[in-house]
Structures are given as structure tokens and as C-alpha cells.
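Atoms considered below: every heavy atom in the structure, side chains included; atoms not considered: hydrogens, waters and symmetry mates.
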Amino acid sequence: MKIAVFTLFAVCSISCNNKIENTIYVARVGSSCAKTNTGGFMIYDSCRLNFKKDSVKVHYYQIDTDNPNEIRENRIENQKYTFEEDLVKINNFRFGKLFYKEDFLFTIYRVEDNDTLKFYKK
């Protein structure tokens with residue numbers, strides 16, 4: 001009985017991780033406006049999740065409409081993650097647990113005063 005339960009758990013863990021392994025998800029996590037002498041421009045905060053077998057590369061960055069080819073506030077973290085049933089838990093992830101639904105990842109809870117974040121599969 002113990003062997004059957006362990007085997008079932010192992011198969012589920014492997015198949016769950018295969019759903020997101022070697023995939024990239026991206027979300028716009030915030031925005032602000034910068035004022036200039038000639039008007040202004042938008043600054044967009046984004047987060048990219050690049051899942052590998054045992055870890056995820058979490059990339060926080062900003063892009064603005066004044067110079068869209070330049071990435072600002074570039075920070076990359078490598079973290080461990082777990083994927084159980086439909087929940088993705090990333091160590092030290094600022095937006096908490098994520099819910100998996102086909103080609104999307106959603107935050108479980110509202111982020112600040114905004115709605116939940118939606119990460120799109122690239």
C-alpha cells in the first residue's frame with residue numbers, strides 16, 4: 001500500500017511539473033507616469049517567470065514608452081518552486097502563490113488595490 005501511494009505521488013509530481021517545465025510566463029505588474037518638460041511617458045513594471053525542472057528564474061524589469069528598447073530596473077532571482085495540484089509556490093516570490101489554469105498563472109489574492117495578476121504563457 002505504501003509503495004502504491006508513493007508511486008502515485010511521484011507520478012503526479014512529475015506530470016504536474018511537466019505542465020510548466022521549460023515554459024515562460026509574463027505579467028505586467030504595475031505602471032506609473034513620468035512627467036517631462038515636453039509631456040510625459042508611461043513606465044510599465046513587468047515580471048517574467050522562466051520555469052526549469054527544479055527552479056524558476058524570476059525576472060523583474062521596467063520598460064517605458066519613451067525608450068521601449070531599454071530595460072530599466074533589471075533584477076533577476078533564481079528560486080526553487082513546487083507545483084502541487086494546480087498551485088505553484090515559488091520561494092520568496094513577492095506576489096505569493098499562483099494558480100495554474102491551462103496557459104495562464106493567476107495570483108490567488110488581490111495585489112495591493114488591483115485585481116489578481118495574470119501571467120500569460122509566451
Side-chain angles (χ1 to χ4, degrees):
M1 179 67 178
K2 289 181 183 179
I3 294 172
V5 171
F6 176 76
T7 304
L8 181 62
F9 177 75
V11 169
C12 179
S13 295
I14 291 168
S15 66
C16 287
N17 279 1
N18 285 342
K19 290 180 185 178
I20 61 173
E21 188 177 317
N22 297 319
T23 57
I24 296 173
Y25 291 86
V26 178
R28 181 167 291 160
V29 297
S31 62
S32 59
C33 183
K35 188 175 180 181
T36 66
N37 292 338
T38 59
F41 58 91
M42 292 298 297
I43 300 171
Y44 296 104
D45 301 312
S46 298
C47 181
R48 176 185 301 244
L49 303 174
N50 186 351
F51 288 94
K52 298 299 178 188
K53 182 176 182 181
D54 297 322
S55 65
V56 58
K57 183 187 295 184
V58 182
H59 184 191
Y60 300 101
Y61 60 97
Q62 289 182 330
I63 296 178
D64 65 61
T65 57
D66 190 46
N67 192 357
N69 295 326
E70 182 179 324
I71 294 178
R72 303 161 33 140
E73 297 289 327
N74 192 15
R75 192 174 88 228
I76 297 173
E77 301 173 357
N78 287 303
Q79 300 290 350
K80 296 285 185 188
Y81 75 95
T82 59
F83 190 176
E84 298 171 6
E85 296 182 20
D86 289 332
L87 285 179
V88 179
K89 299 174 190 172
I90 301 172
N91 292 353
N92 303 313
F93 188 52
R94 72 167 66 166
F95 303 112
K97 298 174 188 172
L98 299 171
F99 178 71
Y100 173 83
K101 180 72 174 170
E102 295 177 17
D103 290 338
F104 302 100
L105 296 173
F106 300 90
T107 53
I108 304 259
Y109 304 105
R110 294 171 65 94
V111 177
E112 296 177 3
D113 293 333
N114 299 323
D115 202 358
T116 59
L117 291 178
K118 187 174 188 179
F119 286 81
Y120 296 88
K121 186 174 181 180
K122 283 288 247 188

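Of all non-hydrogen atoms in Glu84 and Lys89, the two that sit nearest each other are OE1-NZ, 4.1 Å. When all heavy atoms of Tyr61 and Arg48 are compared, the closest pair comes out as OH-NH2, 3.9 Å. Contact between Thr23 and Lys121 at its shortest, heavy atoms only, is CG2-CE, 3.7 Å. Minimum heavy-atom separation, Val29 to Cys47: CG1-CB, 4.0 Å. Nearest heavy-atom pair across Lys118 and Phe104 is CE-CD2, 3.4 Å. Tyr25 and Lys19 make their closest contact through OH-O, 4.4 Å (heavy atoms, listed as atom of the first residue, atom of the second, distance).
Here the CD1 atom belonging to Ile63 is positioned 13.0 Å from the CE atom belonging to Met42, to the nearest 0.5 angstrom. Here the NZ atom belonging to Lys97 is positioned 13.5 Å from the CG atom belonging to Asp86, to the nearest 0.5 angstrom. Between Glu77 atom CD and Ser55 atom OG the span is 12.5 Å, to the nearest 0.5 Å. Distance check: Ile43 CD1 to Asp64 CG gives 6.0 Å after rounding to the nearest 0.5 Å. Between Gln62 atom CD and Asn74 atom CG the span is 10.0 Å, to the nearest 0.5 Å. To the nearest 0.5 angstrom, Leu105 atom CG is 13.0 Å from Phe95 atom CZ.
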Derivation and outcome, side chain to side chain contact (heavy atoms under 4.5 Å, CB included), residues Leu49 and Leu98: CA-CA 11 Å; Leu49 303 174; Leu98 299 171; 3.7 Å; yes
Residue pair Val26, Tyr120: steps toward the side chain to side chain contact (heavy atoms under 4.5 Å, CB included) verdict: CA-CA 5 Å; Val26 178; Tyr120 296 88; 5.7 Å; no
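In terms of hydrophobic clustering, with Ile, Leu, Val, Met, Phe, Trp and Tyr side chains grouped at heavy-atom distances under 4.5 Å, Phe51 and Tyr60 are assigned to a common cluster. Each of Ile76 and Tyr81 belongs to its own hydrophobic cluster when Ile, Leu, Val, Met, Phe, Trp and Tyr are linked at side-chain heavy-atom distances under 4.5 angstrom. Residues Val58 and Tyr100 share a hydrophobic cluster, clusters being chains of Ile/Leu/Val/Met/Phe/Trp/Tyr side chains in contact below 4.5 Å.
The local environment of NZ in Lys57 is sparse, with at most 12 non-hydrogen atoms from other residues, nucleotides or ligands closer than 6.0 Å.
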